[in-house]
Structure formats: structure tokens, C-alpha cells
Amino acid sequence: MKNKILILFLFFSFFLLLIEKVFTEELKIQSNNIQSNKKNTLIIFQKNVKVTDKKLNFLETDYAKYYKDKERIETKGLSKITTSENFIIEGKDFIFDNIKGKILSKYPATIKDREGNLIDTEMFQYDRENNIFFSKGKIKIKDIKGNKYSFSEIYIDEKKEKIIGSDMKVFLNDNTF
């Protein structure tokens, strides 16, 4: 009886590990300099670091730590992301969480959409699965016509090309009238 329970437990453990690996996405990481610890759970990438996920989001930086067991990349310093929908995010100290499907930063960043509109944020979170940005704090948008908008909270849906925000203030460029 004990052997059957043990075999059943091992079977389910193996099955759960297999399912976890199927649902986590692989990352392609390139760098000029790579260092790892003895257990190979922390890998440090330096100079010309490029990361691509299966959704084709592309990260560029000069320094990143990859926590293999957490499938998490943390950049230090200036970093740039080009999303699968061709939005560009520039800022510093990004966290690229491959298991949760999120990219975020607690620091100011600039998001540039496909039309060239600029969105300045104090922080951001990007949901890779749904292609949605979220930010709160002082958010400023400058569109390609020179109009300026400010928000205290914002959601940007890349696929639908829609912005939803709260506490909006609009400053229109006189030349657009």
C-alpha cells in the first residue's frame, strides 16, 4: 500500500513539474559577458544584453541579472523594451517576470506608441499576455500634434489602440485649431 501511494505521489509530482515547464515561456538571452554562480541559479549578463521572449517582446540593456529558478530578469541602469506591438519603453531598472508575464519598473519611463506619441510615467507595469500598460502617479502624454494631457492613472491597450485614464487635464496646441 505504501509503495502505491509513493508511486502515485511521484507520478503527480512529475506531472505537475511537466505542466509547469510547458506553461513557462523560454527566453532567448544574448550578451557579450556572462557570469554564473556554482549552482547556476543566478546568471549575470553584461554589455550588449538582448532578451527576446516567445511573444517577441525585445529587451536591451547593458546589465541584467537572471534568476533562473524564478525566470526573472532584473536590469540595472538604462534599459529599452520594444513590445510585440512595436511600442517602445525607455527607462531604468526593469523587472522582466517571465512566469507572471509582466514587465515593470518602479522608476520613471517613457513609452512611445506606433504613431510617435510620448507617454511619460513615474512607474509602469506591462501585461505581456493582454498587451496592456498600467501606470499611476504623474502621467504626461504629448501627442504628435503638440497637445498635452495629464492623468493620475492610465491603462493603454496596445491592440485596440485605446487609452483609459482618470483625472485628465488637456492642454491643446493653438496651432491645431
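Counting only distance, with no hydrogens or angles, the side chain of D62 and the backbone of N48 share a donor-acceptor pair below 3.5 Å. With D97 contributing its side chain and R72 its backbone, the two residues share no donor-acceptor pair below 3.5 Å. Formation of a donor-acceptor pair under 3.5 Å by the T121 side chain with backbone atoms of A109 is found in this model. Side-chain atoms of E122 come within 3.5 Å of backbone N or O of K138 as a donor-acceptor pair. R128 places a side-chain N or O within donor-acceptor distance of the main-chain N or O of N98, the cut-off being under 3.5 Å.
Residue Y149 is grouped with residue I139 when hydrophobic side chains (ILVMFWY) are merged at heavy-atom distances under 4.5 angstrom, including chains of intermediate members. Residues Y66 and I34 share a hydrophobic cluster, clusters being chains of Ile/Leu/Val/Met/Phe/Trp/Tyr side chains in contact below 4.5 Å.
Here R114 does not pair with E158 in a salt bridge; the nearest charged N to carboxylate O distance is not below 4.0 Å.
When the shell of 6.0 Å around CD1 of I164 is examined, it contains 12 or fewer heavy atoms from other residues, nucleotides or ligands.
Side-chain contact check for D93 and S105: no donor-acceptor pair (N or O, by modelled atom type) lies under 3.5 Å. With no hydrogens or angles considered, a side-chain donor-acceptor pair links S84 and N131 at under 3.5 Å.
With sequence neighbours excluded, the residues that form a side chain to side chain contact (heavy atoms under 4.5 Å, CB included) with A64 are V49, T61, I73, T75.
Under a cutoff of 6.0 Å and an axis angle of 45°, K76 and Y63 do not form a cation-pi pair.
In this pair, F133 and Y126 present their aromatic rings tilted. The plane angle is within the 30 to 60° band.
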